[in-house]
Amino acid sequence: MYSASAIDKATEFCFLLCHETSYNYKYSIRVPVTESNPHHCDPIIPLLLAMTIIPSKMMASTMLSLVSAALPLQENHKGKMNLGSSDCSSFLRKEKRNPFMKTKSFGRINMAIAVNTSRFEGVTMAPPDPILGVSEAFRADNSEMKLNLGVGAYRTEELQPYVLNVVKKAENLMLERGENKEYLPIEGLAAFNKVTAELLFGAGNPVIEQQRVATVQGLSGTGSLRLAAALIERYFPGAKVLISSPTWGNHKNIFNDARVPWSEYRYYDPKTVGLDFDGMISDIKAAPEGSFVLLHGCAHNPTGIDPTPEQWEKIADVIQEKNHIPFFDVAYQGFASGSLDADASSVRLFAARGMELLVAQSYSKNLGLYAERIGAINVVCSSADAAARVKSQLKRIARPMYSNPPIHGARIVANVVGDPALFNEWKEEMELMAGRIKNVRQKLFDSLSAKDKCGKDWSFILKQIGMFSFTGLSKVQSENMTNKWHVYMTKDGRISLAGLSLAKCEYLADAIIDSFHCVS
Ligand code: PLA
């Protein structure tokens with residue numbers, strides 16, 4: 001009887017032959033049957049295959065129909081033929097593996113037609129990501145002057161990536177303890193979930209004491225936002241999410257992919273290069289009752305403009321009046337002001353009013369854990385009972401998406417935030433990072449003011465907060481920054497000051513002045 005492996009080898013031989021004889025083997029046929037597949041085939045199939053060196057696509061499809069027609073016959077012949085496979089397989093033992101065909105069969109019989117028309121013909125080329133795509137373009141540039149101010153990633157004064165000392169210490173602790181790599185529960189590491197909620201709301205906050213927060217570890221800020229979006233889609237069908245104009249570009253992708261409708265509220269006023277507070281309030285007021293209002297907890301991305309404490313109170317008033325649900329994105333706690341508590345004050349203000357709210361957290365920036373993908377989604381509910389149910393549903397959403405979250409970053413955060421000595425060290429390091437960004441911000445402003453002969457007022461740069469500066473450069477001006485000056489930035493005019501050094505401020509000021517005044 002022909003075994004599955006004999007058939008497999010015969011088909012591979014067929015390809016080998018085609019390849020060696022320079023035939024157009026693209027149109028040959030292969031019917032792989034894996035070893036694990038117990039079905040034995042009619043000998044007609046390997047015979048057909050062995051003889052098949054087909055020069056045209058049309059013939060290939062004819063052969064495919066023949067083979068397909070022959071396939072059902074195999075059932076009838078089961079057990080009747082025993083032609084042996086030893087000769088054939090010894091002949092083929094010297095086979096070269098054909099790189100063209102690496103297909104594994106997952107079904108009972110898997111037919112792959114090796115044609116040059118792809119089944120994925122309808123898949124169009126996606127554009128590069130507006131933020132992460134900038135880093136790809138930066139890597140491809142060989143200029144010595146190049147500067148990557150695209151993605152918000154902290155660099156040292158030497159423009160090198162930075163791993164925090166407390167992170168190294170936490171990792172050493174993990175090695176010393178010889179911790180294992182077992183799966184985490186779906187909701188993540190319990191020690192992480194505890195400290196992350198405490199860091200956000202403050203230990204002893206009534207929402208924590210009363211067990212009214214459903215906290216689930218997420219794949220950093222993005223993954224946590226995505227979980228929340230899925231929860232909204234499932235339990236608030238048709239509810240709209242209001243997002244600021246402008247906002248972090250990925251917010252729109254997240255809600256689009258989760259099929260959650262969104263619209264924008266006014267936020268940035270280009271005339272004042274500040275917050276359009278009246279516009280923001282009236283758009284939130286005008287939204288359908290019960291909408292979700294996405295707010296940047298601190299260090300608004302991309303503008304770097306945050307509401308004042310008084311303005312936050314008014315925003316909370318309107319949201320309460322309209323029965324909306326606040327949804328905070330806290331990606332920069334500690335990075336805006338250098339203080340973890342000050343940067344969480346907006347969220348705490350809403351929680352203190354007894355409102356139900358959602359908060360996505362990220363440790364990418366404040367602990368420099370970008371690639372560890374560590375963050376959380378917190379849902380504050382009006383009762384412990386509701387929180388338990390919400391948590392159960394978040395787990396249900398997470399399980400089919402990624403099953404359970406990664407452990408490494410969660411342990412780092414738990415070790416740092418949960419240990420008083422490491423926690424204090426972290427705060428010092430964070431102040432240093434936030435301080436370096438503030439120094440660079442000041443130097444950029446000084447350089448622009450000194451160099452700009454037109455006397456433009458650049459003071460808005462000093463009013464902005466966090467990693468970014470929203471320069472006001474248009475798309476073409478931003479393109480000039482990249483094409484002429486090798487300064488990589490997003491096309492909305494945002495620059496990441498975390499990727500800038502004091503030494504490069506003058507060069508950057510020249511580039512900005514040239515782009516601003518000479519390109520329109
Ligand atoms: N929310 C906001 C407002 C952000 O700016 C970012 C990151 C995230 C969430 C998500 O970050 P995380 O998934 O790594 O936790 N924004 C970056 C990077 C820093 C990015 O676009 O992914 C930015 O350059 O805008």
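Side-chain atoms are counted along with the backbone in the values below, which use heavy atoms only and exclude waters and symmetry mates. All ligand and atom numbering here is 1-based and tracks the order in the structure.
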Show me which atoms of ligand 1 lie under 4.0 Å from any heavy atom of Ser362. 12 (P), 15 (O)
In the protein, what heavy atom is nearest to atom 7 (C) of ligand 1, and what distance, to one decimal place, separates them? Lys365 NZ, 3.1 Å
Is the positively charged end of Lys365 above the ring of Phe335, judged by distance under 6.0 angstrom from the centroid and angle within 45° of the axis? no
Fit a plane to each ring of Phe328 and Trp312, take the angle between them on a 0 to 90° scale, and name the class: parallel (under 30°), tilted (30 to 60°) or perpendicular (over 60°). tilted
Go through ligand 1 atom by atom and flag the ones less than 4.0 Å from a non-hydrogen atom of Ser220. 12 (P), 13 (O), 14 (O), 15 (O)
Proximal ligand 1 atoms for Ala331, defined as those under 4.0 Å from one of its heavy atoms: 1 (N), 2 (C), 4 (C), 9 (C)
Could you identify the single nearest non-hydrogen protein atom to atom 18 (C) of ligand 1 and state the distance to 0.1 Å? Val151 CG2, 3.9 Å
Just to confirm my output: which protein heavy-atom neighbour is closest to atom 13 (O) of ligand 1, and how far is it? Thr222 OG1, 2.5 Å
Where is the nearest protein heavy atom to atom 14 (O) of ligand 1: which residue, which atom, and how far? Ser364 OG, 2.7 Å
So, does Gln477 use its side chain to make a donor-acceptor pair with the main chain of Val519 at under 3.5 Å? yes
Polar-atom distance check: Ile131 versus ligand 1, any N or O pair below 3.5 Å? no
re atom 25 (O) of ligand 1, the protein heavy-atom contact at minimum distance is Arg494 NH1, 2.9 Å
Record the part of Tyr332 in heavy-atom contact with ligand 1 below 4.0 Å; permitted values are side chain, backbone, both and neither. side chain
Assess the side chains of His408 and Glu171: does a donor N or O sit below 3.5 Å from an acceptor N or O? yes
Can you list the ligand 1 atoms lying under 4.0 Å from a non-hydrogen atom of Gly221? 12 (P), 13 (O), 15 (O)
Please work out which of Gly152, Gly466, Gly375, Ser135 has its closest non-hydrogen atom nearest to atom 24 (O) of ligand 1. Gly152
Return all side-chain donor-acceptor pairs below 3.5 angstrom for residues 230-240, not counting sequence neighbours, or 'none' if the list is empty.
from: Tyr235; atom 1: OH; to: Gln393; atom 2: OE1; distance (Å): 3.0
from: Tyr235; atom 1: OH; to: Gln393; atom 2: NE2; distance (Å): 3.1
from: Lys240; atom 1: NZ; to: Ser263; atom 2: OG; distance (Å): 3.4

Tell me the protein heavy atom at minimum distance from atom 9 (C) of ligand 1, and give that distance in Å. Trp248 CZ3, 3.3 Å
Is the backbone of Ala336 close enough, under 3.5 Å, to the side chain of Asp343 for a donor and an acceptor to pair up by distance? yes
Face-on cation placement of Arg436 at Tyr154 ring, 6.0 Å and 45° thresholds: yes
Ring center gap for Phe468 and Trp248 short of 6.0 angstrom: no
Does NZ or CZ of Lys146 fall inside the cone over Phe138's six-membered ring, less than 6.0 Å from its centre and within 45° of the axis? yes
Who's the nearest protein heavy-atom neighbour of atom 3 (C) of ligand 1, and how far? Asp329 OD2, 3.3 Å
Please classify the Arg373 to ligand 1 contact at 4.0 Å (heavy-atom distances, strictly less than): side chain, backbone, both or neither. side chain
Check: Phe292 ring centroid to His324 ring centroid under 6.0 Å: no
